[in-house]
Amino acid sequence: MNAKTVLPAVGMTAVSMVLTLAVVVMWLGTAMPWPVALVVGLGIDGGWLATLAYERRLAAQGDHSTPVTAVGWSFGLIATGVLIAHALTEESAGAWLAVAWLPIAAKALWLVHGLWERTALTGEALDAIQGIQQEARDEAAVARARLRAEASTEETRLTAVTQAGARVAHVQARTANALSRAWSTLESAREGEDTGRALTSVTTRVTPGVTPRWELPVWGPTEPVSAFALESAGALTDDALDALVDRIRHSKTPALSYREMASRFRTAGHSASEVRLRAAWKRVA
């Protein structure tokens with residue numbers, strides 16, 4: 001894996017050193033003997049290689065030296081300065097300036113390689129990290145599926161309760177309508193003249209001189225049943241629900257499971273939605 005970063009750094013270093021040596025020999029060779037120019041070029045490249053080798057040795061030991069790094073960057077800046085100065089004295093300055101950045105680029109590549117080495121992990125560590133990430137993704141997916149299932153269950157339950165309440169209200173309305181018509185019929189019959197004579201002819205034989213009054217049955221308004229009447233009574237707060245769940249859970253030793261607690265909760269006559277009951281169980285357990 002180190003070859004991905006070390007090979008570009010080595011290649012860029014070699015190119016920049018050859019280019020620096022060639023430029024120094026060509027440029028300074030016109031003003032001084034070429035052996036002297038060659039020594040100057042080799043000095044720049046040698047200083048670069050020496051500091052680079054020492055930096056790599058410290059990196060292999062897990063150490064770092066700021067002065068050595070500063071000296072290495074100084075040699076890189078000197079080589080870049082030589083290339084820029086040579087480019088400014090040539091007629092085709094653009095072509096030389098295009099390659100003047102190679103020493104700085106080589107130092108930057110070695111910096112990237114050092115960062116790669118300091119942050120590299122073994123295969124076992126990478127496998128462990130991938131396993132942890134996959135486990136976290138699995139848990140998140142399961143949690144999302146559970147929330148969607150609970151929401152769908154609650155929606156179905158509310159729909160069933162609403163429909164049941166609507167059916168009860170419809171039956172009450174029809175019953176009230178039928179009773180109202182029957183009451184109107186009885187009222188008409190009681191107020192009729194023929195009805196009074198018929199009752200008088202019947203009752204006088206049983207009790208002479210008495211004509212009882214035919215009273216209508218009691219009839220009053222009714223209260224419609226709300227769609228959520230099943231939940232309106234006995235609503236518990238979260239704290240009260242938590243205390244009740246905790247008391248039922250620890251009513252036996254060992255503590256009851258959620259299914260057993262929920263069964264005893266319903267049997268005792270308490271009322272709470274499945275979502276609130278499960279949330280209370282999670283809070284106390």
Side-chain angles (χ1 to χ4, degrees), residues 143-252 256-285:
R144 289 194 300 269
R146 182 178 292 110
L147 288 176
R148 285 195 295 267
E150 291 179 354
S152 178
T153 302
E154 185 66 13
E155 182 180 0
T156 303
R157 189 186 66 83
L158 291 177
T159 302
V161 171
T162 303
Q163 292 177 352
R167 286 195 296 270
V168 170
H170 183 63
V171 170
Q172 284 187 340
R174 288 189 302 176
T175 303
N177 188 21
L179 290 176
S180 177
R181 290 197 301 269
W183 191 87
S184 298
T185 302
L186 291 176
E187 177 68 19
S188 301
R190 195 188 75 158
E191 296 297 334
E193 296 180 358
D194 297 335
T195 303
R197 289 195 299 270
L199 289 177
T200 302
S201 63
V202 173
T203 55
T204 52
R205 297 178 182 178
V206 179
T207 306
V210 176
T211 304
R213 180 173 177 81
W214 181 26
E215 299 293 340
L216 290 173
V218 178
W219 172 249
T222 60
E223 296 181 0
V225 178
S226 174
F228 299 95
L230 297 178
E231 292 184 335
S232 60
L236 299 173
T237 63
D238 290 343
D239 293 338
L241 184 60
D242 292 351
L244 183 59
V245 169
D246 187 66
R247 185 167 64 254
I248 295 176
R249 177 171 178 263
H250 292 93
S251 61
K252 295 186 66 175
L256 298 176
S257 64
Y258 172 76
R259 188 179 300 276
E260 294 172 341
M261 185 281 301
S263 177
R264 294 194 174 209
F265 182 86
R266 306 295 186 194
T267 304
H270 302 294
S271 176
S273 64
E274 185 66 18
V275 174
R276 292 191 62 218
L277 188 60
R278 188 175 291 276
W281 169 266
K282 292 180 180 178
R283 287 194 295 270
V284 301

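Just so it is clear, the values below take in all heavy atoms, side chains as well, and ignore hydrogens, waters and symmetry mates.
Among all heavy-atom pairs drawn from Met261 and Leu256, the shortest one is N-CB, 4.3 Å. Here the closest heavy-atom approach between residue Leu241 and residue Arg276 is recorded as CD2-O, 3.7 Å. Contact between Asp238 and Arg283 at its shortest, heavy atoms only, is CB-NH2, 4.0 Å. Smallest separation of non-hydrogen atoms from Ser251 and Ile248: OG-O, 2.6 Å. Nearest heavy-atom pair across Arg249 and Val284 is NH1-O, 4.2 Å. Residue Ala272 comes nearest to Arg266 through the heavy atom pair O-NH1, 2.6 Å, listed as atom of the first residue, atom of the second, then distance.
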**Report entry** Worked check of salt bridge (charged side-chain N to carboxylate O under 4.0 Å, His left out) between Arg264 and Glu260
**Finding:** CA-CA 6 Å; Arg264 294 194 174 209; Glu260 294 172 341; over 6 Å; no
Requested in this report: Using the side-chain contact (heavy atoms from CB on, under 4.5 Å) rule, take Arg144 and Leu147 through it: C-alpha gap first, then chi angles, then the decisive distance, then the call.
Outcome: CA-CA 5 Å; Arg144 289 194 300 269; Leu147 288 176; 5.8 Å; no
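Ring planes of Phe265 and His270: tilted class, angle from 30 to 60°.
Atom CG in Asp242 sits 12.5 Å away from atom CH2 in Trp281 (nearest 0.5 Å). Atom OG1 of Thr153 sits about 11.0 Å away from atom CG of Leu158, to the nearest 0.5 Å. Once rounded to the nearest 0.5 Å, the distance linking CG of Asn177 with CD of Gln172 reads 13.5 Å.
A salt bridge links Glu274 and Arg278; the closest N-O separation between the charged side-chain nitrogens and carboxylate oxygens is under 4.0 Å.
Here the side chain of His250 pairs a donor or acceptor atom with the backbone of Asp246 at under 3.5 angstrom. For the pair Thr159 (side chain) and Glu155 (backbone), a donor-acceptor distance under 3.5 Å is present. Remark: the backbone N or O of Ala176 is not paired with any side-chain donor or acceptor of Ser180 at under 3.5 angstrom.
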